[in-house]
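All residue numbers in this chain count up from 1 along the given sequence.
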Amino acid sequence: ERNSNSAELLALDELKEKARTVFSKGLERASPLADLSVGNLVQLESHGLLQKAIIGNQDVDIAALIERLGNSDWVKQGLKYHEQDPETCPFCQQSTDYHFSESLASFFSDAYDNDIQALKALQDNYQRAADQLLAAIQRNVELGNPFLNLELFNAEAQVLSERLKGNLGVLGNKLAEPSRKVELEPVEPLLARLQKTVSEANDATSSHNQTVANIATERQRLTSQVWRYVLNEVTDDLSQYQEKWDQLNRAIQGMEGSLREKQQRRRELKEHIAEQEKQTTSIQPTITAINELLHKFGFHSFHLGEVDG
């Protein structure tokens with residue numbers, strides 16, 4: 001196992017986490033989360049009307065007076081009351097003539113009205129984009145993805161929701177006072193943090209779903225990774241064991257080699273003795289040969305022996 005295991009070495013906590021998934025009962029696929037898009041919010045936040053002072057026609061004779069008052073928005077609001085009572089000034093309650101009414105109406109020209117309508121459209125578009133984004137966030141929450149850090153996600157979503165609400169309030173103030181220049185707080189950095197949480201959850205979801213699809217392979221892979229971890233933990237012990245085993249093996253091989261040499265020497269000596277006996281005048285070689293012949297033919301109850309002279 002030590003020599004053949006090439007699995008990836010993982011930390012114990014990671015192995016435990018994988019085991020809870022790979023060997024869990026009722027393992028099922030998880031639904032991925034929808035990516036969050038800022039849509040056209042960034043474009044709306046930089047709309048030119050926000051930094052434009054929307055004021056009336058400067059060519060009208062009362063324009064100088066209104067400019068001196070420094071509050072054309074207040075005059076615009078008074079125009080509504082003057083339309084209801086054209087003979088009375090809505091500001092000082094004195095009598096007015098037709099010329100005053102014409103000047104007041106001319107001050108707020110078609111260009112002014114067009115800017116106001118464009119500003120209202122900007123507000124509606126921003127509201128619509130904000131609602132769509134918050135709805136997408138809520139759908140991700142309701143999806144019940146087990147890999148989503150829900151506490152962090154909800155906290156970031158709440159911050160984003162508050163910023164969107166604040167920007168809509170700024171747009172409302174701009175409509176109430178068109179001459180004011182306003183600036184919206186950017187939502188893109190907040191959305192980027194939310195999307196990071198979504199992406200991390202989706203990465204984990206993809207890995208989980210791959211495990212579900214290849215459960216047998218994943219279990220075998222995890223088993224190999226567990227053995228790899230164990231082998232790594234006992235490396236020193238295994239090295240010591242291997243060293244002792246090698247020493248004993250070398251000793252056994254040496255002893256076996258020595259035994260073979262001695263056995264070979266014994267055979268050589270026996271052959272030498274036999275050869276020497278053949279070369280002597282003794283009858284022992286003849287006795288030995290006859291006894292071997294008798295043994296071959298099954299006569300085991302007696303044998304020849306040499307008798308002293």
Side-chain angles (χ1 to χ4, degrees), residues 37-137 156-194:
S37 173
V38 74
N40 62 342
L41 286 172
V42 173
Q43 180 181 359
L44 295 174
E45 288 171 357
S46 59
H47 199 286
L49 281 176
L50 299 176
Q51 287 293 305
K52 179 179 180 180
I54 303 175
I55 57 177
N57 186 358
Q58 299 300 302
D59 295 330
V60 180
D61 54 2
I62 64 171
L65 175 60
I66 295 175
E67 184 177 357
R68 184 175 180 181
L69 292 173
N71 199 336
S72 61
D73 302 321
W74 175 66
V75 176
K76 176 64 175 177
Q77 293 174 6
L79 180 60
K80 301 176 182 178
Y81 298 102
H82 185 65
E83 290 173 348
Q84 298 173 6
D85 185 7
E87 297 182 356
T88 304
C89 176
F91 311 109
C92 64
Q93 304 303 313
Q94 295 183 12
S95 297
T96 60
D97 55 17
Y98 176 77
H99 178 71
F100 176 80
S101 299
E102 282 293 311
S103 298
L104 196 59
S106 298
F107 180 77
F108 298 101
S109 60
D110 290 342
Y112 179 91
D113 290 336
N114 290 339
D115 283 344
I116 295 300
Q117 292 304 314
L119 190 58
K120 289 180 179 179
L122 171 61
Q123 183 188 42
D124 292 341
N125 290 335
Y126 196 90
Q127 179 72 67
R128 188 179 305 108
D131 290 343
Q132 291 173 350
L133 177 56
L134 293 176
I137 292 173
E156 296 286 3
Q158 183 61 34
V159 174
L160 176 63
S161 177
E162 292 297 326
R163 179 158 297 185
L164 290 170
K165 185 184 299 183
N167 284 345
L168 286 168
V170 171
L171 289 173
N173 293 336
K174 174 68 173 176
L175 274 172
E177 301 180 57
S179 63
R180 290 181 54 188
K181 296 181 180 181
V182 297
E183 185 174 350
L184 301 184
E185 293 291 331
V187 300
E188 192 170 21
L190 302 181
L191 186 63
R193 293 205 291 267
L194 271 173

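- Between the side chains of E177 and N173, not a single donor N or O lies within less than 3.5 Å of an accepting N or O.
- Rounded to the nearest 0.5 angstrom, H47 NE2 and Q123 CD are separated by 13.0 Å.
- Atom CD of Q127 and atom CD of Q132 lie 11.0 Å apart (nearest 0.5 Å).
- The shortest side-chain heavy-atom distance between L133 and V187 does not fall under the 4.5 Å cut-off.
- Judged by distance alone, the side chains of Q158 and E162 do bring a donor and an acceptor atom under 3.5 Å apart.
- The closest side-chain heavy-atom distance from K174 to V170 is not below 4.5 Å.
- Atom CG of L168 and atom CG of D124 lie 10.0 Å apart (nearest 0.5 Å).
- When every heavy atom of N167 is checked against every heavy atom of E45, the shortest pair comes out as ND2-OE2, 3.9 Å.
- Smallest separation of non-hydrogen atoms from I116 and L175: O-CD2, 4.1 Å.
- The nearest pair of heavy atoms linking L194 to A157 is CD2-N, 3.8 Å.
- Screening L50, L44, L164, L41 for a side chain to side chain contact (heavy atoms under 4.5 Å, CB included) involving L184 leaves a single residue, L50.
- The minimum heavy-atom distance between A129 and N40, with the atom names listed, is CB-OD1, 3.4 Å.
- Q51 contributes atom CD, which lies 6.0 Å from atom CD of E183 (distance to the nearest 0.5 angstrom).
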